[in-house]
Amino acid sequence: MQRKVKSILFQIIICGFLSVLGAFLVYRYYSVHHIGDSDYYWHIMLGQNIVNHSSTDMLWSNDLYHSAYTNYSALADMLLYRLSGIGGANETVGAYIYMVLSAFLLSLVVFVGYGTQTIAALSNKRKPRFFVAATIITLCLLLLYGAKGNPRPHLIALMLFALANRLRTSSRPMVLLGLLPISILWANLHGASFPVLIILQIAYIVIGTVPVTAINSISFNKLPRQELYCRLFILFGSCIVAIINPAGISIYTRLLRVSDNAHIISIAEWQPANIIKSPAVAILLLVLLYCVFAKSKITISSLVPLAITAVMTLYHVRFESWFFVSTAIFLLSNFPEQNDSDCCCSLYKCILSALGLVGSIAMIACIVSKPLNNIRPIRYPSDTLIATINDYSPRRMYTDINTGAFFEYNNIPAFVDSRIDMFNENLLYDINTLKGKVSITDSTLDYTDTMLSKYNFDMVTLCRGDSMMLIGYMSQRKDWTLLYADSAYVVFVPVIH
């Protein structure tokens, strides 16, 4: 009993170490006056509206161009709003607490749920040193997730993903029933990602009907008929209870609209991952290499979340956080099986250990050493800029999708923000025209001027990191003049005759 308590305490210490180190990286990432992710601010505003007005919708200043917004994360928005008030006027403290708490809960679920044998092996000198490399790899994968994370609702959903996957591997009906309350919680914390749980359950049921015992190093375990029926019931129940959210079933039907609109304006995080833009692709190749050389059988059930999230990442790079968590789960679940004393002596195991250690150190060094400005442009507007805009009192100010929420958070009406599922296609194509992302059919026509006149803008506020082409265009116009400029923003207003 005492040994078990020590093991649990050791696991908590590992989780604490992960959280502290992850928190340090996150602190470096956000060691500016305000958070640089605009999505965070409209999540806070939505949470404020729910708490103060019991409404999940937030009317936008220019609702003439927008449809109603579908709130995918009502419960998480309320949490972010409550946490944002902890630091007084600076919401950074609340975001910092949220990210550290999310990282700790995720690491706790992953290590306690999957890594007991691996972590225990670290204190046993008779075990191969390969366990040390395995743990370091896993730590770094989660740290990489933590350092790249923004304070958005998906962070807490990652913990539910790891927990649901742990319950899913059980054959006990009472344990499987735990997926139902998780489904309700997930649908209200981050409903946009809830279909992942349904896909996981369907995949596990499908492979459970395969009458094959093994293919190379991958083993199949056919589900007993009674367990199969139980899983079908849980799957059906998860689909039903997931509708218990403020938006109902529309929270899922509008996801395709988000994806389609993101492709129109070429949002990078909705583009397919590749070896250049995402480290997840390189990690996937290493995992495949491990599967090829695995000495013992790898269960197909442990491959399901890894395969699903890998496909999602290759389809949309924004799913790489889910892939990192799945990779950590897969490694912790399978490394204890590779514990033969002779495996550490074989050449390919030594090579894999070396690659893991070198890769882990390289990832940490890369994350810690990157200057803040190279990670994300500092987009949050200065107090001077806010005061300048308030003094001018524009009635219709143009802002980019990436910056609109900053100004709305400061009670300044803006043109658009990053909730792109509200916008119709015509508006999105107009936004592309303003940013110079359209095919010019007639070089003699000024398409940007047409857009400025169409929406009757009386102020154009541009971020240097996002709109250099439009800044150059506005600087050449004689009927517009420069009102304000700093290292991050440039503001133009019409010349008054």
Side-chain angles (χ1 to χ4, degrees), residues 27-49 58-62 66 77 80-81 83-85 87-96 150-152 265 267 371-420 422 431 434-435 452 455 457-475 480-494:
Y27 178 75
R28 280 186 54 85
Y29 185 81
Y30 288 113
S31 58
V32 292
H33 185 59
H34 291 279
I35 301 297
D37 177 40
S38 63
D39 287 18
Y40 171 65
Y41 295 93
W42 58 256
H43 278 298
I44 291 179
M45 290 187 284
L46 287 171
Q48 181 181 21
N49 201 47
M58 181 179 68
L59 295 179
W60 194 249
S61 57
N62 292 328
H66 309 155
D77 293 343
L80 287 172
Y81 167 64
L83 290 175
S84 69
N90 192 334
E91 70 290 333
T92 305
V93 176
Y96 186 67
N150 288 322
R152 301 184 189 178
I265 55 178
I267 295 180
L372 181 66
N373 290 344
N374 291 338
I375 298 178
R376 176 183 290 275
I378 301 178
R379 294 193 179 100
Y380 195 91
S382 66
D383 294 339
T384 304
L385 173 57
I386 298 297
T388 301
I389 295 174
N390 282 327
D391 290 341
Y392 194 87
S393 300
R395 290 177 298 175
R396 184 158 296 176
M397 180 179 73
Y398 171 80
T399 54
D400 186 68
I401 283 178
N402 294 323
T403 58
F406 294 140
F407 298 99
E408 281 289 335
Y409 183 73
N410 287 279
N411 299 313
I412 297 175
F415 179 49
V416 291
D417 77 337
S418 54
R419 294 179 297 162
I420 57 175
M422 294 193 301
I431 292 172
L434 283 165
K435 295 178 70 67
L452 293 174
Y455 293 103
F457 294 122
D458 56 357
M459 177 177 283
V460 175
T461 302
L462 305 172
C463 179
R464 292 184 185 273
D466 300 322
S467 307
M468 289 304 296
M469 184 180 296
L470 189 52
I471 289 174
Y473 170 84
M474 296 300 297
S475 300
W480 287 76
T481 185
L482 180 66
L483 176 68
Y484 175 88
D486 60 21
S487 59
Y489 282 89
V490 178
V491 181
F492 296 92
V493 294

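We're numbering straight along the sequence, starting at 1. Side chains are part of it too, since the values below use all heavy atoms of this structure and drop only hydrogens, waters and symmetry mates.
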(request) Take Trp480 and Tyr473 through the side-chain contact (heavy atoms from CB on, under 4.5 Å) test and state the conclusion after the steps. (result) CA-CA 10 Å; Trp480 287 76; Tyr473 170 84; over 6 Å; no
(request) State, yes or no, whether a side-chain contact exists between Val416 and Ile431 at a heavy-atom distance under 4.5 Å. (result) yes
(message) With a 3.5 Å distance limit and no angle check, can you tell me whether Glu408 reaches the backbone of Trp42 through a side-chain donor-acceptor pair?
(response) no
(request) Mind listing the closest non-hydrogen atom pair of Phe492 and Ser475 along with its distance? (result) CZ-OG, 3.6 Å
(message) Do Asp400 and Leu470 make a side-chain contact, defined as non-hydrogen atoms from C-beta onward lying under 4.5 Å apart?
(response) no
(request) Would you please indicate yes or no on a ring centroid separation below 6.0 angstrom for Tyr489 and Phe407? (result) yes
(request) Would you check if the side chain of Asp466 reaches a backbone N or O of Leu462 as a donor-acceptor pair within less than 3.5 Å? (result) no
(request) Take Met422 and Asp417, measure what side-chain contact (heavy atoms from CB on, under 4.5 Å) needs, and give me the verdict at the end. (result) CA-CA 10 Å; Met422 294 193 301; Asp417 77 337; 4.1 Å; yes
(message) Contact between Ser382 and Asp486 at the side-chain level, heavy atoms closer than 4.5 Å - yes or no?
(response) yes
(message) For Met474 versus Val460, what's the shortest heavy-atom pair and its separation?
(response) CE-CG2, 4.1 Å
(message) Using every non-hydrogen atom in the two residues, find where Thr461 and Met397 come nearest and quote the distance to one decimal.
(response) OG1-SD, 3.1 Å
(message) Quick check for you: to the nearest 0.5 Å, what is the distance between Ser418 atom OG and Tyr41 atom OH?
(response) 12.5 Å
(message) A side-chain contact here means heavy atoms from C-beta on lying under 4.5 Å apart; do His43 and Asp37 qualify?
(response) no
(request) Taking ring pair (Phe, Tyr, Trp, His ring centres under 6.0 Å) as the test, write out the residues that go with Tyr40, two or more places apart. (result) none
(request) Please answer whether the main-chain N or O of Ile386 pairs with a side-chain N or O of Asn390 as donor and acceptor at a distance below 3.5 Å. (result) yes
(request) Could you tell me whether the side chain of Tyr398 reaches within less than 4.5 Å of the side chain of Tyr455, counting heavy atoms only? (result) no
(message) As a quick check of understanding, evaluate side-chain contact (heavy atoms from CB on, under 4.5 Å) for Ile412 and Met459, giving each step before the final call.
(response) CA-CA 12 Å; Ile412 297 175; Met459 177 177 283; over 6 Å; no
(message) For a quick test of reading the model, state the closest non-hydrogen atom pair linking Thr399 to Gly404 and the distance between them.
(response) OG1-CA, 3.6 Å
(request) Please tell me if the side chains of Leu434 and Phe457 come closer than 4.5 Å, counting only heavy atoms from C-beta onward. (result) yes
(request) Could you pull out the closest heavy-atom pair between Ser487 and Arg464, with the gap in Å? (result) O-CD, 3.3 Å
(request) Evaluate the side-chain proximity of Tyr392 to Val491: yes if any heavy-atom separation is below 4.5 Å, no if none is. (result) no
(message) Test your reading of the model: is there a side-chain donor-acceptor pair from Ser38 to the backbone of Asn402, 3.5 Å cut-off?
(response) yes
(request) Quick one: list whatever passes side chain to side chain contact (heavy atoms under 4.5 Å, CB included) with Thr388, sequence neighbours left out. (result) Thr384, Leu483, Tyr484
